[in-house]
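Numbers here simply count residues along the sequence, with the first being 1. A quick note: this is a predicted structure, and the numbers were derived from the prediction, not measured.
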Amino acid sequence: MKSAVETLNPTRVRLTVEVPFEELKDSLDAAYKKINQQVTVKGFRKGKIPARVIDQRFGRGAVLEEAVNDALPKLYTEAVNEAELNPLGQPEVDITELKDGETLAFTAEVDIRPEIEIPDYSGIEVTVDAVEVTDEDVEKSVEQLRERFASTNPVERAAAEGDVVTIDLEAKVDGEVLPDGVANGVSYTIGSGELLEGIDEAVTGLEAGGEATFTSQLKGGSAEGKDAEVTVKVTAVAAKELPELDDDFAQMASEFDTLEELKADSRKRLENMKQYDQATQAQERVLDELLKLAEVPIPEKLLEDEVKTRKHNLEHHQLGQMGLDLGKYLEIQGKTEEEFDAETKEQAVKGIKTQFILDELVNKEKLNVNQEELTEHLMRRAQSSGMSPDQFAQAVVEGGQVPMLVGEVARGKALAVVVEAAKVVDTNGEVVDLEDDEEEVEAAASAVEAAVEGETEEKNEA
């Protein structure tokens, strides 16, 4: 077999392959055997029809077609390996010559992973938020814990902010009660903002048995986005009683004996959370700077497929779960379809660039992923998916996704190498020391996921 490679552009090549006919012998034998099993010829047992009879009855062309279809994948793979190419996606194959008993020639055009020169990243500098936990942050954390241990007691008075009311709701649009516009026995904390806009003002001041009507734009259901006339009736009012903030509360709500110990633990946990957030922020910003330095050609077909995949996942999975279509989503986001397409393409380009350059770094630095790192990553992915680690692991194995997870961790390790070489300072001007431990690698893997899956920093903050 002879093969040659023509570079069409930095991300696409054309393979030209010539194969002596004798190399098709195994495929020809397989073709005759397959046809033998599929056809019946009078006077011959099934599977025992001579080749010359098959040629006479069904045509040599049918046999050649079957043989070529059998041989092409293997011949293409041999040519790719011989040329040491990294193909992306399926090739476009064209048979240019087929002479029975002489030669098979074909061309195969395919996208390839481009050669990337890793830039000098030692001069990268980024600024991240300082890790600062205020007394107010600690008080808020303890207050949230206190809310979890609150009790409610019925009261015979008008409802006020912070009270828990039991209410019946009825929504009308154009004077007609909606099929899904009635709800009874709903528990609602006044001031929580968890229901309809305007409901806090409507129920405040009502006693049990009182009702009010207000207009509000519906957030979901059959008349989503429309203004509805909502009647709310209060059937019960209960005052929320919070436990006293003292040592008894600390013993009830935690493993600590004193309130001061509980607050100290809250402060430590908040610091750890902010340190992880700071590490992830550093990874994201260093990655952005690295991508600015690197020249990374993008295969057109790969980009086109990636954009289609992202749009399909958004429309048919994420928005479907929220009961939205793309048009409604764009209306809520205040974007045109053209703006959305441009943004999706930009995110896809960033995701592809991220994978290409970090994969190149993995190879250059000879980075490996050990079992402990993979398990840690799997646990975090399971948590974010809402599945148990065992369920997630089973789904990953059954779906053949283990190499994907290994790749995510490896890219995280590659990014951690770049971050280690970069200068990271916080908003106070202090140098941030990001150690290359498991937590930092996991933070880097999170940053890589965000880039590859199209999440922006602004979205995360929102």
task: Determine, step by step, whether Glu306 and Ile352 satisfy the side-chain contact (heavy atoms from CB on, under 4.5 Å) criterion, reporting the C-alpha distance in whole Å, the side-chain angles of both residues, the deciding distance to 0.1 Å, and the verdict.
output: CA-CA 9 Å; Glu306 180 66 15; Ile352 294 169; 4.2 Å; yes
statement: Here the gap from Ser216 atom OG to Glu201 atom CD, rounded to the nearest 0.5 Å, amounts to 10.0 Å
- prompt: Would you say the side chains of Asp390 and Ser388 form a donor-acceptor pair under 3.5 Å?
  reply: no
statement: Between the CD1 atom in Ile124 and the CG atom in Leu290, the distance rounded to the nearest 0.5 Å is 5.0 Å
message: Tell me which pairs pass ring-ring contact (aromatic ring centres under 6.0 Å, His included) where either residue lies in residues 207-262, with sequence neighbours left out.
response: none
field: side-chain hydrogen bond (donor to acceptor under 3.5 Å, both in side chains) evaluation trace for Thr134 with Asp137
entry: CA-CA 5 Å; Thr134 65; Asp137 293 332; 3.1 Å; yes
statement: Rounded to the nearest 0.5 Å, the NZ atom of Lys345 sits from the NZ atom of Lys311 at a distance of 12.0 Å
Glu82 side chain to Ser3 side chain, donor-acceptor N/O pair below 3.5 angstrom: yes
field: Side chains of Glu271 and Gln275, donor plus acceptor under 3.5 Å
entry: no
- prompt: Just by distance, with hydrogens left out, do Tyr188 and Asp200 show a side-chain donor and acceptor under 3.5 Å apart?
  reply: yes
message: Once rounded to the nearest 0.5 Å, what's the spacing between atom CD of Gln394 and atom CE of Met387?
response: 8.0 Å
Check against side-chain contact (heavy atoms from CB on, under 4.5 Å), Leu361 and Tyr121: CA-CA 11 Å; Leu361 259 172; Tyr121 49 77; 4.2 Å; yes
field: Qualifying ring-ring contact (aromatic ring centres under 6.0 Å, His included) pairs, either residue in residues 303-326, two or more places apart
entry: His312-His316, His312-His317
message: Any donor-acceptor pair under 3.5 Å linking the side-chain atoms of Gln318 with those of Asn313?
response: no
message: Any carboxylate oxygen within less than 4.0 angstrom of a Lys/Arg side-chain nitrogen, looking at Glu300 and Arg12?
response: no
task: Return the set of residues passing side chain to side chain donor-acceptor pair (under 3.5 Å) with Glu132 (not counting sequence neighbours), or none when no residue passes.
output: Asn428
query: Side chains of Gln251 and Asp257: is there a donor and an acceptor less than 3.5 Å apart?
result: no
task: Give a yes or no on whether Glu6 atom CD has more than 12 heavy-atom contacts from other residues, nucleotides or ligands under 6.0 Å away.
output: yes
